[in-house]
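Working notes for the structure below.
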There are 2 protein chains.
Amino acid sequence: MSDSDRPTPPRMGRQPLTTRADISHVALQLFLEHGFEQTTVDDVARAAGIGRRTLFRYFPSKSDLPWGDFEAKLSRMRAFLVDTDVSVPVVDALARAVVEFNQFPLEEVPYHRERMNLLLNVPALVAHSSLRYAEWRRVVSDFAAGRLGVSADALEPTTIGWVFLGASLAAYEQWLKDDDSDLIELLESAVLLLRVGFSPIPVAPVRPAVGA
Amino acid sequence: MSDSDRPTPPRMGRQPLTTRADISHVALQLFLEHGFEQTTVDDVARAAGIGRRTLFRYFPSKSDLPWGDFEAKLSRMRAFLVDTDVSVPVVDALARAVVEFNQFPLEEVPYHRERMNLLLNVPALVAHSSLRYAEWRRVVSDFAAGRLGVSADALEPTTIGWVFLGASLAAYEQWLKDDDSDLIELLESAVLLLRVGFSPIPVAPVRPAVGA
DNA sequence: TTTCTTTTCGGCACTCAGTGCCACTAGTCT
DNA sequence: AGACTAGTGGCACTGAGTGCCGAAAAGAAA
């Protein structure tokens, strides 16, 4: 902690030529212009002014390019959940976190829309994204597990992880279909479906078994 | 329908050398023995006694090999749902379909277990599987949409698709962790979580709007 | 300044998945 | 036999991703 607050840590060695964000933007531009499959990694590297080999040091795969710095977003979500007061029920906390996680500055919204359009429609990206989603689910299930006092690998927290992911992506699909729709509203609608459950017969409120 | 009931339709042209199922079995054997990444497509082709080029006519990608004939399973599930009496509520019908879909003859269970172990743990397969899962979700959301009288792309059916997929996979994860667990029981537990919903405050039973 | 050390850069060569092309093989039908 | 049809597989090619290694660019020490 003594070296994390240095303003401009004068690092050793050569300075990086570019940033993950820069490369990601250049790549997205090309993907939107010519399509994901039609764009080669060499194209991206050339457009970004770096060598192909260097690009693969910034991003482990072509499919990671549209994601940018996802790990940073996950950290923010984790922090948001940790900061949530324990009096807030698990589902409410997660509902708020989902909304928070998908809030973007107005000028970034069209850009984000195009990005998600690719991620949810290009087969190679759909496939690869599931690995990112797994990390996201882990954040959710870790939180739920902590609150429920069970292992993060148990049935309930993992199901909660899946179910919130599903609701979020279902909301995104709607959002992408309609230019005038509001992502946050859709997310809230989807989470509401989770809340009420899918039981056709109204279920009696479950009373925690005493002494279990 | 006049040619679908011929006992041995004397086809034209050369007879296929092998079957999807055969290749899939051979591949799975090698994947379990040496690992998925360590096994090349050439290895599989050689072991199956066919050319590499031929293998890619039976399966569009290496990652499809462990899935075998998934389309056939989907068709069975679709048929099961269509045959379900309309008096059975949507969620019940889906719960039964999920169970039906994951029922295997006893002798195939250990084999299925290893297969799912690969599919849920090898990153390349995890990624690719999401494309198969999308087809599965489509079966679910089509059914739900039909029952609810809305488009299959609408928020509710797609959410139902996601949520049932999530519950199923959460159950599978538990099953794989414990040799003595029962997949069907776990699936039912997971679906029960969906039924009751995740609302912390008991939600008033939703009465269907009369005349809607 | 020179030299040392550290870090990034990127060329080269390689493996492997997946594809288009095309000739070959093994069957059925006249 | 000859025509037709469908499966096979070799060959060559593209493109993603990796290991290796020397070059470039920075700070630190001499």
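Numbers restart at 1 for each chain; the letters A, B, ... are given by sequence-line order, proteins then strands. Values below: all heavy atoms of this structure, side chains included; hydrogens, waters and symmetry mates excluded.
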Let me know the distance between [atom1] of [X] and [atom2] of [N], rounded to the nearest Å.
X       : N      : atom1 : atom2 : answer
B:Arg20 : D:dT8  : CZ    : C1'   : 17 Å
B:Arg46 : D:dG9  : CZ    : C1'   : 14 Å
B:Arg52 : D:dG10 : CZ    : P     : 11 Å
A:Phe56 : C:dC12 : CZ    : C1'   : 15 Å
B:Asp64 : C:dA17 : CG    : P     : 14 Å
B:Phe36 : C:dC16 : CZ    : P     : 14 Å
A:Lys62 : D:dT14 : NZ    : C1'   : 11 Å
A:Asp43 : D:dT14 : CG    : C1'   : 13 Å

Sugar-phosphate, base or nothing in reach of B:Gly51, heavy atoms under 4.0 Å: sugar-phosphate
Sugar-phosphate only, base, or nothing, as touched by B:Ser63 at under 4.0 Å among non-hydrogen atoms: nothing
Nearest-nucleotide pick for [X], side chain only, options being [options]:
X       : options               : value
B:Met12 : D:dG17, C:dC29, D:dT8 : C:dC29
A:Arg53 : C:dT19, D:dT18, C:dT6 : D:dT18
B:Arg14 : C:dA17, C:dT8, D:dA6  : D:dA6
A:Arg11 : C:dT7, C:dA17, D:dG9  : C:dT7

Donor-acceptor under 3.5 Å (B:Ser24 side chain, B:Arg20 main chain): no
Under-4.0 Å side-chain N/O to phosphate OP1/OP2 contact, B:Tyr58 with D:dT8: yes
Side-chain N or O of B:Thr54 closer than 4.0 Å to phosphate OP1/OP2 of D:dG9: yes
B:Glu135/B:Arg138 salt bridge by N-O under 4.0 Å criterion: no
Side-chain ion pair, B:Arg78 and B:Asp142, N-O less than 4.0 Å: no
Residue mapping more 5' on DNA chain D - nearest nucleotide basis, A:Gln15 or A:Glu37: A:Glu37
Residue mapping more 5' on DNA chain C - nearest nucleotide basis, A:Gly13 or A:Leu17: A:Gly13
cation_pi(A:Arg76, A:Phe101) dist<6.0 Å, angle<=45: no
Under-3.5 Å donor-acceptor pair between A:Arg57 side chain and C:dG10 base: yes
Centroid-centroid distance, A:Trp175 to A:Tyr172, less than 6.0 Å: yes
